[in-house]
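Working notes, structure below.
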Amino acid sequence: MPASYKWTSLRKTTKNSCDCPSINVSTHPLKVEVVSMKESSSKSFIENINKWSAAFEEVDPLMKFEQIEAEEEISSLAKIDIHTNYSQAWSKRRTYILNKYTTGEKLTIVSSFLPGGEKALIRQVSNLNEKVKHRLEQLDDFDEDSIRKTMGLSQQEFVTKIKMLDDEIKKAWNTEQRVKAFKICIQCSKMLSDVNVMQFYPSKFILICDILDNFGNLVFHRLKTKSYGDKVIKSPLDIDSTLVPEAAKETCQNWIFKMASIRELLPRLYMEMSLLKCYVFIHKDEIKPTIRRLTKMIRGIGNPLVAVYLRVYLCNVASKLLGKESEEYFYNNLKEFIEEYQQIFHPMMMKKYSTQLLTPDQYLNLYEPAVNWLIYGTLNLDRSKPLLLELLDQCNETENNELILNCIVASFDSQSIIENSSRILDMVHKSADKMVLLNHILASLGEHLCKAERYRKSSSEALSQAWWKIASNIRSPIDFLQVLGPWLQFACTQLSTQHTNIILRGTIRFMLKCGKPAEEFSSNFHMVIKRMLKSIPDIEEVFLMDAFMPLLELVQTSSARTVMAKTVLSIFFERYNAVEIEDPIVISSLMRLCCILHDSINAVTVEDESKVCAELINKFVHAVTYHDDFEQQLNFYVECRSAFIKLDAVLVALVHCVNALACRAGRGRGRERWLQRACAAYCFVTVPSLHCALAKAQLYLLSGQAALLGACIGQAEANLKALVGIIPDIPQYIQEDGQNKATHDRLIGLLSNFLSTLLILPDNVDSNCKAYVLSGFIKLMERIHWKKTDSLYYMLLLKTLDLLCQMTKEKYAYHIDSVISNDDLYGSEEEFINSIEKYATNICQELLVVLKLLGDNKETKKQYNLSLELFWRVTRRGDLSEPSMSSLAANLWMLSQKLQDSNNKFARTMLTSLEKDKNQASRQLFAKLKSD
């Protein structure tokens, strides 16, 4: 192959039909293929597919938990059947109690049956007399000296010990030591008389009741087995006492006598309740009188906290046995509690909870689960007077009625509470100064009112005014914010924007008056704002309230303000229906929130956090519009650039927006020319602020193209020259989403676009160099230490050669209006053409060097492809009438044939194109190639 070839481009103005390679095909590649399917009379094809694919339609494992939570929320909101689902309702309340009532105090457990305590005596007995004698001896052994007290237990250790006692009961029962199991239950029930750690008492009640229920089930199943063997009994009430053998009845009576012999009242009551269903083996008619008797016996329990939970256990046992019939006993126990209600406020009780450092509201909250459960069981009770009105009447006549009132509001359905909301507010207003549960009552009432579809406007305003008079006198900011959340939602959905704004103003005055920094309760404050934003019908109206932004500014710490700003922006863009934001007040408010987000970013901010902030700010930037006021729009983008300089993603978005603005302004022609130049200058100044070299290069190209569209030649040339200068800084890999991604393909696409743009860029008349920017790019490729055998390098050389060939044409393939390209500027001047062909000769020579290097490196496939690519350009772009070009084409073809067979589809297509070409030089070359 000769050392060098002089490139001569083919200068023609008409397009040849064989310029591009073509392949004969039988069908058009863009034709839509229609497939007809015959439906089966039995089963359709789709049904069969669904049948086999159903097993693979598994729910995303990461979504399963969300679906489970959603189903639980739906099921909890659904109305529970009072008649049959007491167990389901109690199970939910049980979990709530265990999660809420915890303690860090040290606990005490009293028992002689934990491992390491009493040694069990197991011996074989031969007859009934010895068995009875042995059990009497066990009872005699049960004295106070054998009881051990374990103190200083943490909550988790206490729970573990209780579980161990439950296991001991089962172990003793399975080893025929039933008296021991009975004694363990007695000691467990005695623990419920200990109120030294009141805060944990509801949870302790749950744990002990589980043990008592397990023991009651053991006794019941033993009696059932003695009576019916393995026969399945669905309900204890299905047992017919007349069919029970005498031996089973006698055993049942023995258990009742053992229970009756317990000296202390509290364990005796608990044990009798746990064995209540065993009465069916003697006579089921004794159950209801026994429940009524136990209801009255509970009056003997002096501590009101212990007594009310004892009533809860009695009602639980009754509901499991009697179902709907137990409603009467729920009501009776609720009446008993109300009659004894004032014992809660006895000086002795107040002294006890004060010594445990409990506040009055914490003390009353201990009663809440018990009273709520008693009211729950009476909700469907048939009475001549509605239960809610009856309870409200009793509550109105009761002193210190806040606990009962709170439980009433929490337990009844929303419709009933809404109908009596004015009366409830009046009751609260009368004794608001003394109430310690005021915030709970008002918050619950507000929650009910939020569920009203559409309340009467006059009534809504009256309720809101009455609520505000009460709430504004609350001393604790946290309690006030707890009440504010639901009532502010009620105001947003039912009242006007002006009324909501008045509430916000009052909130600001309250927060300033309380004298405490808002940071202490920023989480509560955040929840109130979030709830308001999600409930207001038109989210844009929030920023039109003059009190909203000052309310947000109350929080001063950076972290809290950032969370608040992020929440407001997220919900705003989630709920905002319009595409554009036009109101200047809304724009100013959002700008302030975006600045708070931006200012929170520092050197230690994680990348994901920066991405979230940038995404929210970009939504704001894209949404703001001033329509035809282009100058104001550009001023807005200038302000954003100075405000959000830390976020590259926002700067990129701003450059795109400004380029789009320049294109919009270009439609007006003439009077907006200055604005297009200003936009080009904006982009040229902004792009260097970015950190990523690849992003800079992309934006320089885009800005140059936008400037060309606006006929801003100087600005376009400056951007394209800057692009050329930054190419060496583009790395091979960039970090995206925690992974290193190659820039090879992006860079080829970018530079191909760049070369296409250079075709229409006119030369700088002040420069002595032809194709000034292109020559700089070619010189740059010579200086960059790219690996010559890399596809990036020789593909760029080929594309540069394509551009040079196109620049020698009399008329270019495309133009931009009002931009005079080099074809019109030079008019195919010989000096210009010679300069271009000189560049093309150098590029061609460099490609031949690459071909030799590929051969030396045994990269046969790359060498073959490059030889064909260059051959195609010589035959299509070069002047084959010139001997050097014809010789180059022949040598390239021979090289490709040495590397691979000419039957290759691409090679055959090239030969076919040469054969059909009307150019005489092309036909001569074809004949030469065929002869060789």
Side-chain angles (χ1 to χ4, degrees), residues 93 96-110 149-162 190-208 266 301-310 312 337 340-372 399-407 410 431-444 473-483 514-517 519-524:
R93 293 171 188 261
Y96 166 77
I97 292 171
L98 291 175
N99 290 333
K100 179 179 179 180
Y101 295 97
T102 58
T103 183
E105 300 291 329
K106 296 300 181 182
L107 302 167
T108 301
I109 192 168
V110 179
K149 180 184 290 189
T150 306
M151 304 176 66
L153 297 175
S154 66
Q155 178 180 319
Q156 186 57 47
E157 290 171 341
F158 181 87
V159 172
T160 303
K161 295 287 186 184
I162 292 296
K190 281 186 175 182
M191 293 181 200
L192 292 175
S193 63
D194 179 13
V195 290
N196 289 328
V197 184
M198 284 188 178
Q199 181 62 30
F200 186 64
Y201 189 86
S203 293
K204 181 166 70 170
F205 165 78
I206 296 292
L207 297 172
I208 299 299
L266 184 65
I301 303 299
N303 191 308
L305 182 63
V306 176
V308 72
Y309 278 97
L310 185 55
V312 169
F337 168 76
E340 301 168 357
Y341 177 71
Q342 295 305 325
Q343 292 184 13
I344 294 175
F345 305 96
H346 193 276
M348 289 299 296
M349 293 303 299
M350 297 176 67
K351 183 179 179 181
K352 281 187 179 181
Y353 76 72
S354 60
T355 55
Q356 297 182 28
L357 303 180
L358 292 179
T359 58
D361 61 316
Q362 290 175 331
Y363 167 65
L364 291 180
N365 271 325
L366 299 176
Y367 292 87
E368 185 180 340
V371 182
N372 282 342
E399 189 179 357
N400 300 321
N401 59 6
E402 52 191 312
L403 173 60
I404 302 176
L405 187 58
N406 182 39
C407 293
S431 52
D433 297 337
K434 301 177 183 178
M435 284 187 172
V436 295
L437 296 179
L438 178 62
N439 56 311
H440 297 282
I441 299 172
L442 288 178
S444 297
N473 294 320
I474 296 177
R475 297 180 180 179
S476 169
I478 294 179
D479 293 345
F480 174 79
L481 292 174
Q482 179 186 355
V483 176
C514 73
K516 294 183 179 180
E519 291 75 22
E520 294 183 9
F521 31 83
S522 59
S523 59
N524 307 75

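Residue numbers run from 1 in the order of the sequence given.
In this structure, the side chains of V197 and K204 stay at 4.5 Å or more apart for every pair of heavy atoms. At least one side-chain heavy atom of I162 sits less than 4.5 Å from a side-chain heavy atom of I109. Q482 places none of its side-chain heavy atoms less than 4.5 Å from the side chain of N524. Looking at M349 and Y363, their side chains come closer than 4.5 Å, going by heavy atoms from C-beta outward. A heavy-atom distance below 4.5 Å is found between the side chains of Y101 and P369. Taking the side chain as every heavy atom from C-beta outward, L437 and E368 never approach each other to under 4.5 Å. Side chains of D479 and L438 form no contact here, defined as non-hydrogen atoms less than 4.5 Å apart. Taking the side chain as every heavy atom from C-beta outward, N400 and I344 never approach each other to under 4.5 Å.
Considering every non-hydrogen atom in both I404 and Y341, the closest pair reads CG1-CE1, 3.6 Å. Considering every non-hydrogen atom in both L364 and L403, the closest pair reads O-CD1, 3.5 Å. For the residue pair F200 and T102, the shortest heavy atom distance occurs at CD1-CA, 4.4 Å. Shortest non-hydrogen contact noted between S431 and N401 is OG-OD1, 4.2 Å. Of all non-hydrogen atoms in L107 and Q155, the two that sit nearest each other are CD1-CA, 3.9 Å. Contact record, V308 with Y367: CG1-CD2, 3.8 Å, taken as the closest heavy-atom pair.
The main-chain N or O of N196 is found under 3.5 Å from a side-chain atom of Q356 such that the two form a donor-acceptor pair. Looking only at distances, no side-chain donor or acceptor of K161 sits under 3.5 Å from a matching main-chain atom of L153. Checking side-chain atoms of Y201 against main-chain N and O of L192 turns up a donor-acceptor pair under 3.5 Å. With hydrogens and angles disregarded, no donor-acceptor distance shorter than 3.5 Å links the side chain of N406 to the backbone of E402.
Other residues, nucleotides and ligands contribute more than 12 heavy atoms inside 6.0 Å of the CG atom of N99.
Rounded to the nearest 0.5 Å, atoms OG (S193) and CG (L305) are 11.5 Å apart. Distance check, rounded to the nearest 0.5 Å: NZ of K100 to CD of Q199 gives 8.5 Å.
With sequence neighbours excluded, no residue forms a side chain to side chain donor-acceptor pair (under 3.5 Å) with K106.
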